[in-house]
Participant: 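There's a structure below that I have some questions on.
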Amino acid sequence: HEQASLQLGARESGENSYQLRLPEQGKGFARLPRPAEGDVFFDMEGDPLFDDGGLEYLFGFVMADGGDLEFTAIWGCDRIEEKQALEQFIDFVTERRKAFPDLHIYHYNHYEVTALKRIAGAHGTREEELDQLLRDEVFVDLFKVVREAMLISQPSYSIKKVEAFYMDARDTAVTDGGDSVVMFERWLEEADPKILEEIADYNRDDCISTLKLRDWLIGLREEAVQEFDGWG
């Protein structure tokens, strides 16, 4: 009921609103680590239509070392490249943790971790290293934080809906994951490098959105401490 009234209020006023939930042990904001040097904001693009069983064709991530945002795109445009992309990403993170032992990899919803497990198993590579990252709880799913910590005036908890609270509307050619798949399928036909640039722009925005979401949630956690009388 509360969610419905928030949605109705947003429709009537044109303003987005949220309502913090009473914190529960181990849930919501409790899942949010302290920001650390070396944190990585990660988003993958996959094409379920590719060949047999789909293809994870882009591993994108943003880092904010020294305050400047740096976007990296690792492409896996065929089965061999997918394996190399997985190895490159896992090796990069494993190495980076030596310099920044407290880093976390932030993502939104379970897609990334599910895809990494699946392709590590399918290619028979980097399974131990990935297991280590999972055991050490390096991956942080911000979807779970949002879903458990608050009600929102948006009709769903997709990142595109949630970012109405902390980010301006996007202006990239590719606007959602479905578009990205369609564009990648087009690239397979046409091999036009401009298509991959447009997919990368969209992916970079997803990574930056994940970073901004994490920062917004850190602020809201402080709000929850105030609202729920010193919780935390």
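Counting from 1, the numbers follow the sequence of the chain as shown. Side chains are part of it too, since the values below use all heavy atoms of this structure and drop only hydrogens, waters and symmetry mates.
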Participant: Can you tell which of Glu82, Arg118, Lys83, Arg79 makes a side-chain hydrogen bond (donor to acceptor under 3.5 Å, both in side chains) with His123?
Facilitator: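 It is Glu82, the one option of Glu82, Arg118, Lys83, Arg79 that forms the side-chain hydrogen bond (donor to acceptor under 3.5 Å, both in side chains) with His123.
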Participant: So how far is it from Arg31 CZ to Leu142 CG, rounded to the nearest 0.5 Å?
Facilitator: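 Output value for this atom pair is 11.0 Å.
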Participant: Under the side chain to side chain contact (heavy atoms under 4.5 Å, CB included) rule, what do Ser153 and Phe165 come out as? Steps first, then yes or no, please.
Facilitator: CA-CA 10 Å; Ser153 57; Phe165 289 95; 3.9 Å; yes
Participant: Taking it one step at a time, do Thr94 and Glu129 satisfy side-chain hydrogen bond (donor to acceptor under 3.5 Å, both in side chains)?
Facilitator: CA-CA 7 Å; Thr94 302; Glu129 292 85 348; over 6 Å; no
Participant: Taking atom CD of Glu45 and atom OH of Tyr202, what is their separation to the nearest 0.5 Å?
Facilitator: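 Output value for this atom pair is 5.0 Å.
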Participant: Assess the residue pair Lys144 and Glu148 against the criterion (salt bridge (charged side-chain N to carboxylate O under 4.0 Å, His left out)); give the C-alpha distance rounded to whole Å, side-chain angles, the decisive distance to 0.1 Å, and a yes or no.
Facilitator: CA-CA 6 Å; Lys144 288 181 179 171; Glu148 295 167 357; over 6 Å; no
Participant: Take a 6.0 Å sphere around CD of Glu137 and say whether it holds more than 12 heavy atoms from other residues, nucleotides or ligands.
Facilitator: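 Count not over threshold, so no.
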Participant: Could you check if a side-chain atom of Leu188 sits within less than 4.5 angstrom of a side-chain atom of Glu185, using non-hydrogen atoms only?
Facilitator: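 A side-chain contact under 4.5 Å exists here.
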Participant: Please tell me whether Ile80 and Leu55 are part of a single hydrophobic cluster in this structure, the criterion being side-chain heavy atoms less than 4.5 Å apart.
Facilitator: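 Different clusters.
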Participant: Quick one: does Asp39's side chain have a donor or acceptor within less than 3.5 Å of a partner on Ala36's backbone?
Facilitator: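 Side chain of Asp39 to backbone of Ala36, a donor-acceptor pair under 3.5 Å: yes, one is there.
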Participant: For Glu197, is there an ion pair with Lys194 - N to carboxylate O distance below 4.0 angstrom?
Facilitator: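 No, Lys194 and Glu197 are not salt-bridged.
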Participant: Considering only heavy atoms from C-beta outward, does the side chain of Thr210 approach that of His107 to under 4.5 Å?
Facilitator: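 No, too far: nothing below the 4.5 Å cut-off.
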Participant: From Glu223 CD over to Phe228 CZ, what is the distance, rounded to the nearest 0.5 angstrom?
Facilitator: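 Result: 9.5 Å between the selected atoms.
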Participant: Hey, does Trp216 have a side-chain heavy atom less than 4.5 Å from the side chain of Leu213?
Facilitator: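 In short, these two side chains touch, coming nearer than 4.5 Å.
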Participant: What do the steps show when you test Leu20 against Phe29 for side chain to side chain contact (heavy atoms under 4.5 Å, CB included), and what is the final call?
Facilitator: CA-CA 10 Å; Leu20 298 179; Phe29 293 121; 4.1 Å; yes
Participant: If you define the side chain from C-beta out and look only at heavy atoms, does anything of Asp91 sit under 4.5 Å from Gln88?
Facilitator: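 The answer is no; the side chains never approach within 4.5 Å.
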Participant: Does any non-hydrogen side-chain atom of Phe71 lie less than 4.5 Å from one of Asn203?
Facilitator: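 Yes, side chains in contact.
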Participant: May I ask you to test the Val162-Met150 pair for a side-chain heavy-atom distance under 4.5 Å?
Facilitator: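 A side-chain contact is absent here, since even the closest heavy-atom pair is not under 4.5 Å.
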Participant: If I take atom CG from residue Leu116 and atom CG from residue Leu133, how far apart are they, to the nearest 0.5 angstrom?
Facilitator: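 If we round to the nearest 0.5 Å, Leu116:CG and Leu133:CG are 9.0 Å apart.
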Participant: Decide if atom CD of Glu127 counts as having more than 12 heavy atoms of other residues, nucleotides or ligands within a radius under 6.0 Å.
Facilitator: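 More than 12 within 6.0 Å, yes.
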Participant: Apply side chain to side chain contact (heavy atoms under 4.5 Å, CB included) to the pair Val146 and Tyr108, showing each step before the final yes or no.
Facilitator: CA-CA 10 Å; Val146 173; Tyr108 196 79; 4.2 Å; yes
Participant: Would you say the side chain of Arg96 lies within less than 4.5 Å of the side chain of Met63, judging by non-hydrogen atoms?
Facilitator: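 Of all side-chain heavy-atom pairs linking Arg96 with Met63, at least one is under 4.5 Å.
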Participant: Check whether any side-chain heavy atom of Lys117 lies under 4.5 Å from a side-chain heavy atom of Leu134, and answer yes or no.
Facilitator: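 Result yes, sub-4.5 Å side-chain heavy-atom pair found.
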Participant: Tell me whether Phe41 is reachable from Val138 by hopping between hydrophobic residues (I, L, V, M, F, W, Y) whose side-chain heavy atoms are closer than 4.5 Å.
Facilitator: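 No, Val138 and Phe41 fall in different hydrophobic clusters.
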Participant: Would you mind telling me which of Phe89, Tyr106, Tyr111 makes a ring pair (Phe, Tyr, Trp, His ring centres under 6.0 Å) with Phe42?
Facilitator: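 Output: one option passes, namely Phe89.
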Participant: Salt bridge (charged side-chain N to carboxylate O under 4.0 Å, His left out), that's the test. Do Arg170 and Asp206 meet it? Break it down for me.
Facilitator: CA-CA 10 Å; Arg170 301 186 184 211; Asp206 264 1; 2.6 Å; yes
Participant: Does a donor on one side chain sit under 3.5 Å from an acceptor on the other, for Ser209 and Glu163?
Facilitator: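 Yes, because at least one side-chain N or O of Ser209 sits under 3.5 Å from a partner of the opposite role on Glu163.
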Participant: Side chain to side chain contact (heavy atoms under 4.5 Å, CB included) for Asn16 and Gln154? Distances and angles first, verdict last.
Facilitator: CA-CA 7 Å; Asn16 286 301; Gln154 291 285 349; 2.9 Å; yes
Participant: In terms of heavy-atom contacts, does CG of Asp168 have more than 12 from other residues, nucleotides or ligands at under 6.0 Å?
Facilitator: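 No, the 6.0 Å shell around CG holds no more than 12 heavy atoms from other groups.
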Participant: Looking at every heavy atom in both Cys207 and Gly60, which two are closest together, and how far apart are they?
Facilitator: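 Looking at all heavy atoms of both residues, the closest pair is SG-O, 3.4 Å.
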Participant: Is Ile119 linked to Val93 within one hydrophobic cluster, defined over Ile, Leu, Val, Met, Phe, Trp and Tyr using a side-chain heavy-atom separation of less than 4.5 Å?
Facilitator: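 Yes, it is one cluster - the side chains of Ile119 and Val93 are joined through contacts under 4.5 Å.
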Participant: Do other residues, nucleotides or ligands put more than 12 heavy atoms under 6.0 Å from Arg135 CZ?
Facilitator: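 More than 12 within 6.0 Å, yes.
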Participant: Going through the checks in order, is the salt bridge (charged side-chain N to carboxylate O under 4.0 Å, His left out) test met by Arg186 and Glu189?
Facilitator: CA-CA 5 Å; Arg186 236 183 74 200; Glu189 297 275 319; over 6 Å; no
Participant: I'd like to know whether Asp201 forms a salt bridge (charged side-chain N to carboxylate O under 4.0 Å, His left out) with Arg204, so could you lay out the CA-CA distance, the side-chain angles of the two residues, the decisive distance to 0.1 Å, and finally the verdict.
Facilitator: CA-CA 5 Å; Asp201 285 346; Arg204 186 195 66 233; 3.2 Å; yes
Participant: Minimum heavy-atom separation for Leu151 to Tyr157, with atom names?
Facilitator: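 Shortest heavy-atom contact: CA-OH, 3.5 Å.
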Participant: Quick check for you: to the nearest 0.5 Å, what is the distance between Glu222 atom CD and Ile218 atom CD1?
Facilitator: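 Reported to 0.5 Å precision, the distance equals 8.5 Å.
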Participant: Linking I/L/V/M/F/W/Y whenever their side-chain heavy atoms sit closer than 4.5 Å, directly or via other members, would Ile74 and Tyr57 fall into one cluster?
Facilitator: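 Different clusters.
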Participant: Please round to the nearest 0.5 Å and tell me the distance separating atom CZ of Arg97 and atom NE2 of His104.
Facilitator: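 It comes to 8.5 Å.
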Participant: Hey, is the main chain of Gly54 close enough, under 3.5 Å, to the side chain of Asp47 for a donor-acceptor pair?
Facilitator: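 No, Asp47 side chain to Gly54 backbone: no donor-acceptor pair under 3.5 Å.
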Participant: Tell me whether the rings of Phe61 and Phe92 are parallel (<30°), tilted (30 to 60°) or perpendicular (>60°).
Facilitator: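 Correct class here is parallel.
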Participant: Ile105 pairs by side chain to side chain contact (heavy atoms under 4.5 Å, CB included) with which of Val40, Val113, Asp141?
Facilitator: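 Among Val40, Val113, Asp141, the one that satisfies the side chain to side chain contact (heavy atoms under 4.5 Å, CB included) with Ile105 is Val40.
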Participant: Tell me whether Met44 is reachable from Phe184 by hopping between hydrophobic residues (I, L, V, M, F, W, Y) whose side-chain heavy atoms are closer than 4.5 Å.
Facilitator: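 Different clusters: Phe184 never reaches Met44 through Ile, Leu, Val, Met, Phe, Trp or Tyr contacts under 4.5 Å.
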Participant: Among Ile90, Thr72, Asp43, Leu86, which residue meets the side chain to side chain contact (heavy atoms under 4.5 Å, CB included) test with Phe59?
Facilitator: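 For Phe59, the side chain to side chain contact (heavy atoms under 4.5 Å, CB included) check succeeds only for Leu86.
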